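Written below as structure tokens is the structure these notes are about.
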Amino acid sequence: MAGIFLIDAISRRLRRKNREKKLRLATQWPLAQAEINHWQVLSADEDVASPGVTYQIEAGFHFKINGEYYGGYLRSVALTHHEAESKATGNPLVNIRYNPANPDETAVFAEDNQGTLPFRIVSG
């Protein structure tokens with residue numbers, strides 16, 4: 001049984017390192033404005049959840065570069081269910097970064113979006 005916990009810990013560490021590497025690279029990518037077009041309230045990822053705040057908003061977005069449409073997702077910080085349900089509305093614009101070599105690869109930074117949404121987001 002202890003082996004399962006060790007494997008889970010190693011997997012989480014590898015995912016975190018890969019995410020951090022992607023985010024470091026993405027700081028150099030160009031900015032674009034994207035429009036939210038889909039909202040979903042989900043159970044929060046275990047690395048952001050805490051007692052009483054166990055939900056996250058996942059928002060799908062699209063943006064246009066050189067006449068082509070691309071998209072991606074962003075996630076909120078952990079919220080209560082009521083907060084998540086009430087704040088996941090509308091079609092606001094968000095600032096995203098995209099890989100110019102592959103615009104389907106995107107990153108959304110919390111610092112690029114202060115004040116653009118009624119909730120804070122997790123960079124990713």
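This is a predicted model, so every value here is computed, not measured.
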Got a list of side-chain donor-acceptor pairs under 3.5 Å for residues 25-43, not counting sequence neighbours?
| unit_1 | atom_1 | unit_2 | atom_2 | d |
| --- | --- | --- | --- | --- |
| Thr27 | OG1 | Arg24 | O | 2.8 |
| Asn37 | ND2 | His62 | ND1 | 2.8 |
| Trp39 | NE1 | Gly90 | O | 2.8 |

Tell me which donor-acceptor pairs under 3.5 Å the side chains of residues 98-106 have, and how far apart each pair is, sequence neighbours excluded?
| unit_1 | atom_1 | unit_2 | atom_2 | d |
| --- | --- | --- | --- | --- |
| Asn99 | OD1 | Ala101 | N | 2.9 |
| Asn99 | ND2 | Glu105 | OE1 | 3.0 |
| Asn102 | OD1 | Asp104 | N | 3.3 |

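Using a 4.5 Å cut-off on side-chain heavy atoms (C-beta onward), Val122 and Gln56 make contact. The shortest distance between side-chain heavy atoms of Glu111 and Ser123 falls below 4.5 Å. Contact annotation: the side chain of Tyr70 approaches that of Glu68 to within less than 4.5 Å [non-hydrogen atoms, C-beta and beyond]. Two residues are said to be in side-chain contact when any heavy atoms from C-beta on lie closer than 4.5 Å; Val53 and Leu79 fail this criterion. In this structure, Ile121 and Val77 have side chains that are not in contact, with every pair of non-hydrogen atoms separated by 4.5 Å or more.
A distance of 7.5 Å separates CD1 of Ile57 from NZ of Lys87, quoted to the nearest 0.5 Å.
In this structure Tyr55 satisfies the ring pair (Phe, Tyr, Trp, His ring centres under 6.0 Å) test together with His81, sequence neighbours excluded.
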*After noting the C-alpha distance and the side-chain angles of Leu74 and Glu58, does the key distance pass the side-chain contact (heavy atoms from CB on, under 4.5 Å) rule?*
CA-CA 6 Å; Leu74 63 86; Glu58 181 178 83; over 6 Å; no
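Put simply, Phe119 and Tyr73 are part of two different groups of oily side chains (I, L, V, M, F, W, Y) that touch within less than 4.5 Å, one to the next. Following chains of ILVMFWY side-chain contacts shorter than 4.5 Å, one cannot reach Val94 starting from Phe109, and the two form parts of different hydrophobic clusters.
Between Ala49 and Thr54 the shortest heavy-atom distance is CB-CA, 4.5 Å. Taking every heavy atom of both residues into account, Leu117 and Pro92 meet most closely at CD2-CG, 3.6 Å.
Side chain of Asn95 to backbone of Asn113: no donor-acceptor contact under 3.5 angstrom is found.
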